[in-house]
Amino acid sequence: MRPDILNPLFAEITTLPGVGPRLAKLFEKLVGGRVVDLCWHLPSGLIDRRYAPTAAEAEAGRVATLTVHIRNHFPCQTKRQPYRIIAGDATGEIELVFFHAHPDYLKKILPVGEERVVSGRLERFGGRLQMSHPDHIGTVAERTALQSVEPVYPLTAGLSLKVVAKAVTAALARAPELPEWQDGPWHAKQHWQGWRAALIQAHAPGEESDLVPEAPARRRLAYDELLANQLALALIRAHQRKNRGRGVVGDGRLTDPVLAALPFSLTMSQRQAWAEISADMKSETAMLRLLQGDVGSGKTIVALLAMLTAVEAGHQAAIMAPTEILARQHYQTMQPLAAATGLETLLLTGRDKGKARAAALSAIESGETHLIVGTHALFQKDVAFADLALAVIDEQHRFGVHQRMTLASKGRAADVLVMTATPIPRTLLLTSYGDMEVSRLTEKPAGRPPIDTRTLPLDRLEDVVAGVGRALASGTKVYWVCPLVEESETSDLAATEERFAQLHGLFGDRVGLAHGRLSPREKDAVMESFAEGATD
């Protein structure tokens, strides 16, 4: 599907000169595993090497590029002493300093009696002008290239700036000249360069102003990215509209008893969302709808009503959650309500193995089970549905479009309902979720306390911990959610295990730890303790 002209950009990063398997792993950690990922790895800073004074004029504290005559080498007498090289021009001298030096190498690249160009930060030590470990050393013929502005890239442990810059340069060399795809008058009005020229310019900042998002080259690339995203969403939407729907129509024999059994009435926005979903399901076009609502707004019951509607019409319905804990929570909410109508609900997660898994897969494939709750396990190759008509996907942002479509493809023209508790501004809805219709739950069911949402800076972490202490003292349960299991070199996000150790030190065994790397038995134990008493 990809035009051949783009293949060099989508090649593995190991196809670049000097990038072997070891470096490839580091690059994958930093940017990704393809050549094009390096093209999008834009500079975060710059080093201006255009200051080229004589030795007499050179100012300490500045990065400078000097053309000097190599006069003498003074090898270090002890390991603690540096290797010193005296160089200079007609106006004065400079001392080049190297610690842990390799004398043979230094004699080769800085031979006595020849001219060399050195670039680095100048210092004064003991009244003498010095440059410790020059960043660049070259011949006079290379002076123009060295006396320039050098881009500075974000790095990761194990990758130096020189290695990254060399790889980026090699990646940019593969960027082809592409025909202009932007609207002509719009492109002219912006005074933008072509795509390749903008890409090269973004990697060659001349001033600090070239690094800001509003710089013309970066604006051009950002616009391309947004346009590509919107075109991809439009293609998905167009494809979705071509998919003929089932015309799924319920008769109320399952939804009516469930509504009657609820200890509350649906809110106005729940009823409206359900009406919109029902209309989509009745339509001859396959549904693709986002259900957005804060925690506690009642998304799960709306999803269950939609799933029961599919079952009323003689089909199957499945809901997929990003974690086993969330999947079990859905199952525990839905199972008793569905059981009251005589329906059996099946839970499928990654922990199901052997005979238990085989029995579950058989019940799904035969159509014996109509309501299925699960995790990523639902879109594995060996999961086959008898007649999947509705796929519900919880926490949309945790699954990619590909995963969403994979689950939907397990049914014939299956309707798709995705749910999120993440507040999404309208502009982001249009840009990132533009392939979907949107329903919003704006109210809470009666009796639910209001949700108080606050954002605090990291330097007020102790205030948050104190708030947890007050909550525990008042008999409240607390979740503290961290994005990582263990500390990472590349991120300052709090790690689950580190935060647990801190909180356990303050509140003792009232603090439990649950994360995806625990065994199912360990996870069950900690959640049971949280639900029933000892852990708060």
Side-chain angles (χ1 to χ4, degrees), residues 2 4-49 63 65 83 96 98-111 116-121 131-178 195-206 210-211 217-218 221 488-491:
R2 184 184 298 127
D4 290 344
I5 194 172
L6 295 179
N7 286 340
L9 286 178
F10 286 86
E12 294 292 321
I13 210 163
T14 49
T15 60
L16 294 175
V19 180
R22 185 186 69 82
L23 285 181
K25 286 182 181 178
L26 296 174
F27 273 115
E28 193 166 344
K29 185 177 177 183
L30 179 66
V31 296
R34 300 172 304 174
V35 171
V36 72
D37 296 323
L38 277 169
C39 292
W40 303 140
H41 190 58
L42 297 180
S44 57
L46 56 81
I47 300 173
D48 191 341
R49 301 190 183 279
V63 172
T65 303
Y83 189 110
L96 307 178
F98 299 87
F99 291 88
H100 310 295
H102 296 282
D104 292 343
Y105 173 72
L106 291 176
K107 287 174 183 175
K108 182 179 177 182
I109 63 167
L110 292 164
R116 287 292 182 267
V117 179
V118 293
S119 185
R121 184 166 294 278
M131 185 182 290
S132 296
H133 291 273
D135 301 322
H136 298 284
I137 298 170
T139 63
V140 175
E142 297 169 309
R143 177 164 48 197
T144 303
L146 293 177
Q147 192 180 324
S148 60
V149 177
E150 181 181 359
V152 175
Y153 293 96
L155 304 174
T156 189
L159 285 177
S160 68
L161 180 57
K162 279 185 181 179
V163 170
V164 171
K166 181 182 176 184
V168 169
T169 300
L172 292 175
R174 298 199 180 178
E177 289 287 355
L178 299 174
W195 173 77
R196 189 180 190 280
L199 183 65
I200 300 300
Q201 177 61 45
H203 283 277
D210 294 331
L211 298 169
R218 292 195 179 213
L221 297 178
S488 162
E489 289 178 354
T490 59
S491 173

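For this chain, numbers begin at 1 and follow the sequence in order.
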Is a salt bridge present between D37 and R34, judged by a nitrogen-to-oxygen distance below 4.0 Å?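 Looking at D37 and R34, the cut-off is met.
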
Can you name the salt bridge (charged side-chain N to carboxylate O under 4.0 Å, His left out) partners of [X], sequence neighbours left out?
X    : result
R218 : none
R143 : none
D135 : R49

If we only count heavy atoms from C-beta on, is the [X] to [Y] side-chain gap below 4.5 Å?
X    : Y    : value
P103 : F98  : no
F27  : T156 : no
S160 : L155 : no
P43  : V168 : no
V35  : P8   : no
N7   : R2   : yes

State which residue, out of V19, L159, V163, fulfils the side-chain contact (heavy atoms from CB on, under 4.5 Å) condition with L26.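 For L26, the side-chain contact (heavy atoms from CB on, under 4.5 Å) test succeeds with only one of V19, L159, V163, which is L159.
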
Answer yes or no: is there a donor N or O on one side and an acceptor on the other, between the side chain of H133 and the main chain of G120, under 3.5 Å?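 No; zero donor-acceptor contacts below 3.5 Å.
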
Heavy-atom closest contact ([X] atom, [Y] atom, distance):
X    : Y    : answer
I13  : G32  : CD1-O, 3.8 Å
L38  : A171 : CB-CB, 3.8 Å
A217 : A202 : CB-N, 3.9 Å
P205 : L46  : CB-CD2, 3.9 Å
G18  : L23  : O-CD1, 3.3 Å
L172 : C39  : CD2-SG, 4.2 Å

[X] [atom1] to [Y] [atom2] distance, which is reported to the nearest 0.5 Å:
X    : Y    : atom1 : atom2 : result
D48  : Q147 : CG    : CD    : 10.0 Å
I109 : D104 : CD1   : CG    : 12.0 Å
D210 : H203 : CG    : NE2   : 13.0 Å
Y153 : L30  : OH    : CG    : 11.5 Å
L96  : L106 : CG    : CG    : 9.5 Å
R116 : L146 : CZ    : CG    : 11.5 Å

Residue pairs, two or more places apart or on separate chains, that pass side-chain hydrogen bond (donor to acceptor under 3.5 Å, both in side chains) and touch residues 168-178: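 Of all non-adjacent pairs touching residues 168-178, those that pass side-chain hydrogen bond (donor to acceptor under 3.5 Å, both in side chains) are T15-R174.
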
For the ring pair H102 and Y83, is the centre-to-centre distance below 6.0 Å?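 No.
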
For residues 152-168, which residue pairs qualify under salt bridge (Lys or Arg N to Asp or Glu O under 4.0 Å), counting only residues two or more places apart or in two chains?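 The answer is none; no pair qualifies.
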
Check the pair V164, V31 against side chain to side chain contact (heavy atoms under 4.5 Å, CB included), reporting the backbone distance first and the verdict last. CA-CA 11 Å; V164 171; V31 296; over 6 Å; no

All side-chain hydrogen bond (donor to acceptor under 3.5 Å, both in side chains) counterparts of T139, not counting sequence neighbours: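 Partners of T139 under the side-chain hydrogen bond (donor to acceptor under 3.5 Å, both in side chains) test: E142.
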
